[in-house]
Amino acid sequence: MNDEPDGLSHLIGQRIAARRGALALSLEEIALRTGVSRAMVSRIERGEVHASAVLLDKLCAGLGLSLSALFARDVAAPLLRRADQPVWQDPASGYIRREVAPAGTGSRVKIVEVEFPPGAEVTYAPSHGRVIDQHIWVLKGSIEVTLSPASGAAASRAAVSYLLRKGDCLQMRVADGNSFRNTGDKTARYAVIVTQETAA
């Protein structure tokens, strides 16, 4: 990986603190919004902890951000070489996330490459502060994606699971919880193409 964990943790912390400041939210308020303790938010903002993807996603939901916004480089150039693409590893599941698309160009499209270890599972909680339209395109191996039912009138519907194999592409409009699992015995690799983010 080309990013030192401590350096990236500090960058993530600074971005969370800046966004919280821009929204004029106290530590107490963001803790109530996200279910992440005030002490943990403070530690993340100071770059003292390498938080999991699930924890960071909860904070992003409460702040109206995407995970890509936390990891992207602040360079407004149309070309982002592979060696310069930010790489981050989730300490809980071991999955490796690479921010592929150049940030700062004004494009609404974001592209992330994920290497998902055998047996890994990540479950994201419902996101009430944003709606993300994305495509999951499997490049190697297979993954199982489970989408929770939409909230409101459609909440009585059951969750839906999809087994995605190499070449398969699933469109997801994410506002409610979802989970990713690698049920195989080999690392899976997939691309996440985010085409739209809006406030829920």
Side-chain angles (χ1 to χ4, degrees), residues 1-17 19 30 34-37 39-63 65-73 80 82 84-101 103 110-127 129-130 132 134-148 161-162 164 170 172 174 176-194 197:
M1 292 182 292
N2 59 355
D3 280 298
E4 290 296 325
D6 288 343
L8 194 52
S9 292
H10 279 95
L11 176 63
I12 289 167
Q14 289 168 0
R15 287 180 170 167
I16 288 172
R19 178 65 173 173
I30 196 61
T34 63
V36 179
S37 74
M40 179 57 77
V41 174
S42 180
R43 291 187 66 207
I44 290 170
E45 288 186 354
R46 293 195 306 267
E48 295 176 357
V49 64
H50 185 78
S52 71
V54 171
L55 199 61
L56 292 176
D57 190 65
K58 286 182 181 180
L59 286 174
C60 285
L63 295 168
L65 291 173
S66 66
L67 284 172
S68 290
L70 292 185
F71 302 126
R73 292 198 182 278
L80 183 59
R82 185 169 178 84
D84 297 324
Q85 295 167 0
V87 176
W88 177 83
Q89 185 166 19
D90 180 22
S93 68
Y95 92 72
I96 297 172
R97 175 189 181 97
R98 175 182 293 275
E99 296 295 323
V100 176
K110 297 180 175 90
I111 303 172
V112 175
E113 178 187 43
V114 175
E115 291 182 28
F116 210 48
E121 181 172 359
V122 176
T123 299
Y124 295 104
S127 171
R130 72 217 154 131
I132 300 174
Q134 65 185 22
H135 292 75
I136 308 298
W137 180 24
V138 178
L139 306 172
K140 174 185 171 187
S142 63
I143 59 170
E144 182 181 76
V145 179
T146 300
L147 307 180
S148 295
S161 293
Y162 299 93
L164 306 178
L170 174 67
M172 302 166 54
V174 180
D176 293 274
N178 59 78
S179 65
F180 294 78
R181 292 176 58 212
N182 182 349
T183 57
D185 57 2
K186 294 181 180 176
T187 296
R189 189 166 57 92
Y190 60 93
V192 181
I193 300 101
V194 179
E197 295 176 54

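Keep in mind that this is a model prediction, so the values were computed, not measured.
Shown here are the side chain to side chain donor-acceptor pair (under 3.5 Å) partners of Arg97, two or more places apart in sequence or in another chain: Ser68, Glu99. With sequence neighbours excluded, no residue forms a salt bridge (Lys or Arg N to Asp or Glu O under 4.0 Å) with Asp90. Listed by chain and residue number, Arg181 satisfy the salt bridge (Lys or Arg N to Asp or Glu O under 4.0 Å) test with Glu121 (two or more places apart in sequence, or in another chain). The side chain to side chain donor-acceptor pair (under 3.5 Å) search around Glu115 returns none, not counting sequence neighbours. Annotation: side chain to side chain donor-acceptor pair (under 3.5 Å) contacts of Thr146 (sequence neighbours excluded): Ser161. Judged as a side chain to side chain donor-acceptor pair (under 3.5 Å), and not counting sequence neighbours, Asn178 has no contacts.
Here the side chains of Ile136 and Val114 are not in contact, with every heavy-atom distance at 4.5 Å or above.
The line from OH of Tyr190 to CD of Glu113 is 11.0 Å long, rounded to the nearest 0.5 Å. The structure places CD of Glu48 at 7.5 Å from NE2 of His10, a figure rounded to the nearest 0.5 Å. Taking OH of Tyr95 as the start and CZ of Arg189 as the end, the distance is 16.0 Å to the nearest 0.5 Å. Note that the CG atom of Leu170 and the CD1 atom of Ile143 stand 8.0 Å from one another [nearest 0.5 Å].
Aromatic ring orientation, Phe180 versus Phe116: perpendicular (interplanar angle above 60°, classes split at 30° and 60°).
Annotation for Ser142 and Asn182: closest pair O-OD1, 3.5 Å, computed over non-hydrogen atoms.
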